[in-house]
Asks: 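Handing you this structure, nothing more for now.
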2 protein chains.
Amino acid sequence: MAKQRQRLTDRKSKVTVSDVARMAEVSDSTVSRIMRGQDLVAEATRERVMATVRALGYVPNRIAGSLASLDSRLVGVVIPSLSNIVFPEILQGINAGLEGTHRQSVISVTDYDLDKEEVVVRNLLAWQPAAVLIAGSMHTEATQRMLENSGVRVVEFMEIDHKPIDAAVGFSHLSAGVAAARHLLQRGYRRFGYVGYGGEKDRRALMRYKGMRACLAEAGLAFEAESVSDGQTTVAKGRAQTADICARAPDLDVLTFSNDDMAVGGLFHCMSAGISVPNDLALFGFNGLDIGRALPQPLSTIRANRFEIGKRAVEVVLAGETRPEQSVIVDTGFEIFEGATA
Amino acid sequence: MAKQRQRLTDRKSKVTVSDVARMAEVSDSTVSRIMRGQDLVAEATRERVMATVRALGYVPNRIAGSLASLDSRLVGVVIPSLSNIVFPEILQGINAGLEGTHRQSVISVTDYDLDKEEVVVRNLLAWQPAAVLIAGSMHTEATQRMLENSGVRVVEFMEIDHKPIDAAVGFSHLSAGVAAARHLLQRGYRRFGYVGYGGEKDRRALMRYKGMRACLAEAGLAFEAESVSDGQTTVAKGRAQTADICARAPDLDVLTFSNDDMAVGGLFHCMSAGISVPNDLALFGFNGLDIGRALPQPLSTIRANRFEIGKRAVEVVLAGETRPEQSVIVDTGFEIFEGATA
DNA sequence: GGTTGCAATGGCAGCGCTGTCATTGCAGGT
DNA sequence: ACCTGCAATGACAGCGCTGCCATTGCAACC
C-alpha cells in the first residue's frame, strides 16, 4: 500500500513546461527557450511547440522563472498617495518608461506615513525587485538601511535637495518656493498670505513654504496670515480656507497656495465672494495642473513636469544594474507660469 | 582540479533562511515558521532567531516562498487609464480593501486598448495572482478565455450590464444615462446638446450616452448638437468643445457631458463668455467629483462611488478562493446630485 | 572515410522557500 | 519504571523554471 504523499500540485492543476515539452516531444529546455523568445531554435520546432502551448493554454509561471533566473523583472514604486493627482501622473511617466522593457511596476502607497513606508518597502524588497523608485528623501532609519543594503538600484524622486542613496530625480522644492516668492515680490505684492495643507506630512509642500518664507524674510516681509489644514489636498479645502483667511486678514494682496488644487478652490471662493482677482487679491498656486490653465482666468503657478520625473526615474534604473560610483541627480526643473491671477 | 560550477548565487549575495538557521542554530523550518508568524515556536527561540534576522538583515524571498507554497498573494488590477481620476480613486478603494490582508496589488494600465489589455492580462496571469480585478466587461476573445481558464477569482468592475466571468461590481451606465436624461426632462429641458470624448474607446461613457439618447427618443427628442473629441478627458477639452457647440447651436437649453471634467470646462467657458448658467444654458456632468461641488455653482451631476467599487471588488475576492456557482453582481448604485447648473 | 564546426536540442542541478511528516524531549499520569 | 500526549523542532522533497554544459546530427571540408 504505497503512501501517497499529497503533492501540492494536485490542488492546482496547472500546465507546466514539462507538460508542453512532453506533448510537443521536445525537452523542457527547448520549450523554455521558445517561451523566452530566444533564437537558436528551429522554426519548425518553434511552431510545433507554440501550437501545443496554445492547445494546452500554457501560461509560463514567472514566479518559478524569477526564482530560477534570479531576476524578477519587477520595479517597486513607492508613493505617498493616489488622491493627489501628481502621483498618478508620475506613474504614467513610469509606465511610459517601462513600456517595451520586460519590466513590471509594483505600486505601494504609504499615505505619507514613514512607518507605513517602512512596511511597504520591506514587503517590496521581498519580491526581489530589480529597482525601487520611491517618492521623497525622508525615510526611517530602517527603511534607509534596507534600501542601501538591498543592493538594487534606488531612485528617490520628487526632490533633489538631499544626498540620495543611489539616485534622485526631481527638482528643488526649496528653490521653487524661493522663485515663487521672488516672482511675486517683483510684481509688487507685499502683503502675503499662505494657504496650505498637510502640515509636516507633505515635506515637499513644507519645503516650498520655507523657500517662500526665506525669500520674504530677505525682503523684510513675512506671511501676514496662514491657514493650514490636515489631511489630503482638495479644491473644497482650498475654497474653505481661502474664505477663512479672507475673513481674518482682509487686507492681503496675494495668497500663495501649497498647490493648484487649493488655489483653484481659492479662485472659486473669490468668484463667489465677488473678489476681483488679481486686483483685490492675487492668487498663486503650484504644480501647473491642466485645470489651472482652463480656468476663466488661467492660474498663475509654477509648472513642474511630473510625467517626466517618472520617465527619467525609469531611465536611470534602466541605465545600469549596479549603482554608479557617484550618485546620480537629475534635475527636471520647474518654470513660472504667469497666468492671470497674480 | 575540481570543476567549480558557477553557482548563480555567487553573483547576488543574499542572505537566505539557511544562513539565518545556521547562525541561530535551528533548522530552516523553524526560521520559516517564525518568518511566517506561525506560533508553535518557543518564545526564546523566536527571539534568538529574530535577533539573527536583524543582525544579518535577512529579507525573506517571497518569490521562493510563493513558488513553494503555490500562493503568490498577488492581486492583479487592470485599468484603462491613470489620467482619468476615477481610476486612482478605485485603486484607493482596492488598497483600502487589501489593507491588513497579506495581499499586494499589481497594477497594469491598458490605455483603453483591448489588445494591450490582452498582453497585460497574460503578463499578470504569469505571476499566478490570487485574483484579477479588471475594469470593464469588454475583452478580446483571448483575454476572456485566459481569465476563464485561469481558475482564479475575477472581478470585472465599473459596469454590471453584462454576464460576468465570475463577478461584477459597479453600476449600470445605461441606467445612469437614462436617469440623467429623465431628470433633465422633468426639469423642463427640451433642447439637448452632448459634449463627450473618447468615442468608441470609453465604452462606459458611450453606454451613458446611449441611455440618454434612448430616454430622449422616448420623449420624441434627440441631441440637437454633439461634440465628441478623441483621446483623454480634460477640463480644457470640455471648455473648447463647449465653445464650439455653443457657436454651432446657440439655441440649446442644456448640455450633457460625458463626465465632470468636461462639464467643469463647460462651466468655465460659460463664465468667460458671459453665458448665464442654468438660465441661458444648463450643464450636467457625470461622476460627482469633488471639484464639481466646490465650484461657485455646484455642478449638477450623477454621483457614483468609485472608492466603494474598489473596496467591494476586493471584498468579493476575499470572500472565497473559488468561484461561486452563481456569478456575483454587486450594484454600487448612483445618485442624482441636483447642484445648481441644471 | 574521417574530421571539423555549428546549429539544434537535451539533461539536470539548483533557485530559496514551504508543506508534510518524523522525531525529540519532557511533564504528568499509572 | 513505563507509557502517553503534546509542544517544539528537524528533515527533506518538491514548487516550475532556467543556467550551464553535454550531446547529437549533419553539412562542409580535407
Side-chain angles (χ1 to χ4, degrees), chain A residues 2-22 24-49 53 56 58-73 102 125-128, chain B residues 2-22 24-49 53 56 58-73 102 125-128:
Chain A
K3 180 175 55 184
Q4 195 59 44
R5 179 197 259 253
Q6 161 83 2
R7 317 259 304 326
L8 285 172
T9 333
D10 296 350
R11 306 208 206 124
K12 324 252 171 174
S13 69
K14 285 281 177 184
V15 183
T16 71
V17 259
S18 299
D19 297 329
V20 176
R22 204 175 313 119
E25 300 182 298
V26 292
S27 70
D28 293 14
S29 308
T30 300
V31 175
S32 177
R33 275 194 281 264
I34 291 172
M35 294 315 290
R36 280 175 292 149
Q38 290 189 195
D39 32 17
L40 267 172
V41 179
E43 193 48 37
T45 314
R46 178 191 312 280
E47 273 163 24
R48 180 158 40 93
V49 170
V53 164
L56 295 180
Y58 170 64
V59 178
N61 183 333
R62 269 233 55 77
I63 291 185
S66 295
L67 182 61
S69 67
L70 258 29
D71 175 13
S72 73
R73 302 189 192 165
H102 279 282
L125 289 177
W127 285 102
Q128 316 288 116
Chain B
K3 181 174 59 184
Q4 194 61 44
R5 181 198 257 252
Q6 161 83 7
R7 314 260 304 328
L8 286 172
T9 332
D10 296 351
R11 306 208 206 123
K12 324 251 171 174
S13 68
K14 286 282 178 183
V15 183
T16 71
V17 258
S18 299
D19 296 329
V20 176
R22 203 175 312 119
E25 299 182 299
V26 292
S27 70
D28 293 14
S29 308
T30 301
V31 175
S32 177
R33 277 193 204 95
I34 292 172
M35 294 315 291
R36 279 177 291 150
Q38 290 189 196
D39 32 16
L40 268 172
V41 179
E43 194 48 36
T45 315
R46 179 192 309 281
E47 272 162 24
R48 181 156 40 93
V49 170
V53 164
L56 294 179
Y58 170 64
V59 178
N61 183 333
R62 269 234 54 78
I63 292 185
S66 295
L67 182 61
S69 67
L70 258 27
D71 175 12
S72 73
R73 302 189 193 166
H102 279 282
L125 289 177
W127 284 101
Q128 315 288 117

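Sequence lines set the chain letters: A, B, ... in the order given, protein chains first and strands last, and positions in each chain run from 1.
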Asks: Provide, to the nearest angstrom, the distance between the CG atom belonging to Leu56(A) and the C1' atom belonging to dG16(D).
Replies: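 Answer to the nearest Å: 15 Å.
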Asks: Rounded at 0.5 Å granularity, tell me how far CG in Asp71(A) sits from OG in Ser66(A).
Replies: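 Result: 7.0 Å between the selected atoms.
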Asks: Report the distance from atom CG of Asp71(B) to atom P of dG19(C), rounded to the nearest whole Å.
Replies: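 Going from Asp71(B) (CG) to dG19(C) (P), I get 9 Å.
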Asks: For the side chain of Thr30(A), counting heavy atoms from C-beta on, which of dG10(D), dA7(C), dG10(C) is nearest?
Replies: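 In terms of side-chain proximity for Thr30(A), the closest of dG10(D), dA7(C), dG10(C) is dG10(C).
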Asks: Expressed in angstrom and rounded to an integer, what is the separation of Leu40(A) atom CG from dT9(C) atom P?
Replies: 9 Å
Asks: Toward the 5' end of DNA chain C, which comes first, Ser18(B) or Arg48(A), by nearest nucleotide?
Replies: Arg48(A)
Asks: Let me know, please, whether Ala64(B) or Glu43(B) comes out on the 5' side of the other along DNA chain D by nearest nucleotide.
Replies: Glu43(B)
Asks: Measure the distance from CZ on Arg22(B) to P on dC17(C) and round it to the nearest whole Å.
Replies: 12 Å
Asks: From the options Thr16(A), Val20(A), Val15(A), select the one residue that forms a side-chain contact (heavy atoms from CB on, under 4.5 Å) with Ser18(A).
Replies: Thr16(A)
Asks: Quick check for you: among dC17(C), dG16(D), dG19(C), whose closest atom lies nearest to any side-chain atom of Ser69(B)?
Replies: dG19(C)
Asks: Provide, to the nearest angstrom, the distance between the CH2 atom belonging to Trp127(A) and the P atom belonging to dC17(C).
Replies: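 In whole Å, dC17(C) P and Trp127(A) CH2 are 13 Å from each other.
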Asks: Side-chain donor-acceptor pair under 3.5 Å between Ser29(A) and Arg33(A), yes or no?
Replies: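 No, no side-chain donor-acceptor contact under 3.5 Å.
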Asks: NA contact type, Arg33(B), heavy-atom cut-off 4.0 Å: base, sugar-phosphate, or nothing?
Replies: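 Answer is base: heavy atoms of Arg33(B) come under 4.0 Å of a base.
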Asks: Could you state the interatomic distance from CG (Leu70(B)) to NZ (Lys14(A)), rounded to the nearest 0.5 Å?
Replies: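 Here the interatomic distance stands at 9.5 Å.
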Asks: Could you tell me how far apart Ile63(A) (CD1) and dG16(D) (P) are, to the nearest whole angstrom?
Replies: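 Result: 11 Å.
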Asks: Give one of base, sugar-phosphate or nothing for Ser66(A), where a contact means two heavy atoms less than 4.0 Å apart.
Replies: nothing
Asks: Determine the sole option in Val53(A), Thr30(A), Val26(A), Ile34(A) for which the side-chain contact (heavy atoms from CB on, under 4.5 Å) test with Arg48(A) is passed.
Replies: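 Answer to the side-chain contact (heavy atoms from CB on, under 4.5 Å) test with Arg48(A) among Val53(A), Thr30(A), Val26(A), Ile34(A): Val26(A).
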Asks: Considering only side-chain heavy atoms of Ala68(B), which listed nucleotide, dG16(D), dT18(C), dT9(C), is closest?
Replies: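 Nearest listed nucleotide: dT18(C).
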Asks: Could you give the CG-to-P distance, from Leu70(A) to dG14(C), as a whole number of Å?
Replies: 14 Å
Asks: If you compare every side-chain N and O of Ser27(A) against the phosphate oxygens of dG10(C) (OP1, OP2), does one of them come in below 4.0 Å?
Replies: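 Yes.
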Asks: Calculate the interatomic distance between Leu67(B) atom CG and dG14(D) atom C1'; express it in whole Å.
Replies: 9 Å
Asks: Using a cut-off of 4.0 Å on non-hydrogen atoms, how would the nucleic acid contact of Ser29(B) be classed: base, sugar-phosphate, or nothing?
Replies: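 Base, at least one base atom sits under 4.0 Å.
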Asks: Would one find a side-chain N or O of Arg36(B) under 4.0 angstrom from OP1 or OP2 of dG19(C)?
Replies: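 Answer yes for this pair, as a side-chain N or O of Arg36(B) is under 4.0 Å from OP1 or OP2.
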